[in-house]
Amino acid sequence: MERIKVLAGNAHLDLAHEICKCLGISLGKADVGKFSNGETSVVISESIRDMDVFIIQPTCNPAVNDNLMELLVMADAVKRASARRITAVIPCFGYARQDKKDKSRAPITGKLVANLIEVSGIDRVITMDLHASQIQGFFNIPVDNLYAEPLIVKYIRKNIAGDRVVVSPDAGGVKRAKLISDKLDAELAIIHKERKKANEVAGMILVGDVSGKVALIVDDIADTCGTIQTAASLLISKGAKAVYSLVTHGVLSGPAIERINNSELKEVVITNSIPNADKASHSDKIKIINIAPMLSEAIRRTHHGESISSLFADKS
C-alpha cells in the first residue's frame with residue numbers, strides 16, 4: 001500500500017508488528033522514550049509528509065498515563081511533520097470506565113481524554129469494544145468502534161462444545177451477551193451484582209437456568225477478576241457443568257492472576273488488545289485471541305475509504 005505509514009509507541013509493540021505483518025508493510029521509524037527528567041520524547045525518524053499515518057497505541061496498563069502521553073506527543077510530532085491524515089488506533093481505550101458522574105464532584109475523565117486526543121491533531125480514532133458506546137459522542141471526530149464479538153464467537157464454536165448458556169455478569173453487558181447468544185443459538189442468563197465500591201462485589205443474583213450447561217461469561221473488561229471469580233462460583237453452585245470467561249480487554253491488575261488460578265473457571269479467554277503474554281505465562285487457564293488481523297483490515301479499509309461496518313456483517 002502506498003502513502004501509508006504505521007507508527008507505534010511503547011504500549012504494545014508486539015501488536016504493532018503483527019498488524020504491519022498482516023498489512024505487508026514495515027513498522028515506521030519513531031524513537032519514543034523519555035528525557036532524564038521523565039518527560040516524553042518523540043522523534044519521527046523518516047519522512048511522513050502527505051502520508052496517511054496510523055499510530056498504534058493502546059492507552060492501557062501498566063502505564064496508562066505514560067501511554068496516553070506518548071500518543072498525544074506522537075500525534076503532535078506527526079501533525080508538525082505534515083502528515084495528510086492521522087488515525088489513532090487505540091485497541092484498549094483508557095479511562096473508558098470514567099464516562100459519567102457517578103458521585104458528587106467526580107470528573108468525567110473519558111471526555112477529558114477525548115478532548116486531549118482531538119486537540120493533539122488526531123483526525124480519526126479506531127478502537128475496540130468501548131466500555132460504553134456513547135463514548136463515541138465525546139468526540140467531534142469520527143470514531144470506529146470495532147467489536148471482538150465475531151472473534152469470540154469463532155473461538156467458542158471451535159473450542160467450547162456442549163449445551164451452552166451465555167451469561168452477562170451485569171445488566172450493562174446484556175446487549176453484548178444477547179448478540180453472542182443469538183449467534184450461537186444458546187440460552188441467555190444474567191447476573192445482577194451489587195458493589196460495595198469499585199473493584200469490590202458485595203453480592204450476586206442469577207436470573208436464568210444454567211443447570212447441566214456450559215456457562216460462558218462474556219464481558220468487555222476483566223480487571224481484578226473479582227467479578228468473574230465470584231460469578232463462576234455462583235454458576236457452579238447453580239449446576240453449571242463448566243464455566244468459561246471470554247473478555248475483550250484483559251486488564252488483569254492486582255490479584256487477578258491469583259484469583260483466576262484459584263477460581264472455578266476452566267478458561268479465561270482474552271484478546272491481545274493489552275500486552276499480557278507475561279501474565280498469561282503464570283496461568284494455564286488464560287488463552288489469547290489475536291486481534292491484529294481485524295485491526296489491520298480496519299486500517300486497510302480506512303486507508304482506501306471502504307466500509308468498516310461490513311467487517312461485522314452476520315456471516316453465520
Side-chain angles (χ1 to χ4, degrees), residues 1-33 40-60 67-93 113-130 136 139-148 150-151 271-273 275 290-313:
M1 290 190 291
E2 296 182 358
R3 312 307 299 172
I4 183 173
K5 188 65 66 176
V6 175
L7 303 174
N10 294 311
H12 203 342
L13 282 169
D14 288 344
L15 179 61
H17 283 293
E18 286 269 357
I19 290 170
C20 287
K21 184 178 178 182
C22 293
L23 289 169
I25 61 176
S26 299
L27 185 65
K29 298 174 184 176
D31 184 11
V32 183
T40 298
S41 165
V42 172
V43 177
I44 309 301
S45 306
E46 59 184 312
S47 175
I48 53 173
R49 182 177 292 273
D50 200 36
M51 284 195 172
D52 196 4
V53 178
F54 294 82
I55 303 173
I56 315 294
Q57 182 78 344
T59 51
C60 59
N67 292 338
L68 174 60
M69 200 63 202
E70 282 186 8
L71 172 64
L72 300 175
V73 177
M74 286 186 76
D76 188 72
V78 170
K79 178 179 65 175
R80 295 176 190 280
S82 302
R84 176 165 53 86
R85 180 175 64 177
I86 307 169
T87 302
V89 181
I90 312 173
C92 180
F93 188 86
V113 170
N115 289 345
L116 291 169
I117 287 171
E118 283 189 47
V119 170
S120 71
I122 288 167
D123 300 300
R124 187 180 202 96
V125 172
I126 297 174
T127 186
M128 178 170 275
D129 275 346
L130 284 170
Q136 294 171 86
F139 292 86
N140 293 311
I141 57 175
V143 177
D144 293 308
N145 184 27
L146 309 183
Y147 302 102
L151 303 177
T271 74
N272 59 340
S273 65
N290 185 16
I291 60 171
M294 178 179 283
L295 289 174
S296 64
E297 180 61 14
I299 288 171
R300 189 195 68 78
R301 292 184 183 210
T302 299
H303 178 62
H304 290 295
E306 299 173 9
S307 170
I308 287 182
S309 62
S310 58
L311 263 174
F312 309 102

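Just so you know, these numbers come straight off a predicted model, no measurement behind them.
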Inter-residue atom distance R84.CZ - I4.CD1, 0.5 Å rounding: 9.5 Å
Close side-chain approach of I44 to L7, heavy-atom, < 4.5 Å: yes
Heavy-atom side-chain contact between L71 and N67 under 4.5 Å: no
For the student: nearest non-hydrogen atoms of M294 and L151, plus distance: CE-CG, 3.9 Å
Heavy-atom side-chain proximity of L15 to L295 below 4.5 angstrom: yes
Exam field: side chain N145 to backbone D129, donor-acceptor pair closer than 3.5 Å: yes
Closest heavy-atom pair and its distance - A11, P275: O-CG, 3.4 Å
Spacing of E297 atom CD and L311 atom CG [to the nearest 0.5 Å]: 5.5 Å
SG-CD1 distance between C22 and I291, expressed to the nearest 0.5 angstrom: 11.0 Å
Heavy-atom closest contact (M74 atom, A30 atom, distance): CE-CB, 4.3 Å
Worked check of side-chain contact (heavy atoms from CB on, under 4.5 Å) between I19 and I299: CA-CA 9 Å; I19 290 170; I299 288 171; 3.7 Å; yes
Side-chain heavy atoms of V73 within contact of V32, under 4.5 Å: no
Partner of R85 under salt bridge (Lys or Arg N to Asp or Glu O under 4.0 Å), chosen from D123, D50, D52: D52
Min side-chain heavy-atom separation V89-V6 under 4.5 Å: no
Approximate separation, where rounding is to 0.5 Å, of L68 CG and I117 CD1: 6.5 Å
Shortest non-hydrogen separation from S296 to L23 and the atoms involved: O-CD2, 3.3 Å
Rounded distance (nearest 0.5 Å) linking atom CG of L146 with atom OG of S309: 11.0 Å
Closest non-hydrogen atom pair, D31 against S45: N-OG, 4.2 Å
Name of the residue among T87, T302, D144 meeting side chain to side chain donor-acceptor pair (under 3.5 Å) with R124: D144
Side-chain heavy-atom pair H12, I56 within 4.5 angstrom cut-off: no
I90 CD1 to I55 CD1 distance, which is reported to the nearest 0.5 Å: 9.0 Å
Audit row: K21, E18, salt bridge (Lys or Arg N to Asp or Glu O under 4.0 Å) steps and yes/no: CA-CA 5 Å; K21 184 178 178 182; E18 286 269 357; 5.8 Å; no
H303 side-chain N/O to F54 backbone N/O, donor-acceptor pair under 3.5 Å: no
Nearest heavy atoms of A75 and S120, plus distance in Å: CB-OG, 3.6 Å
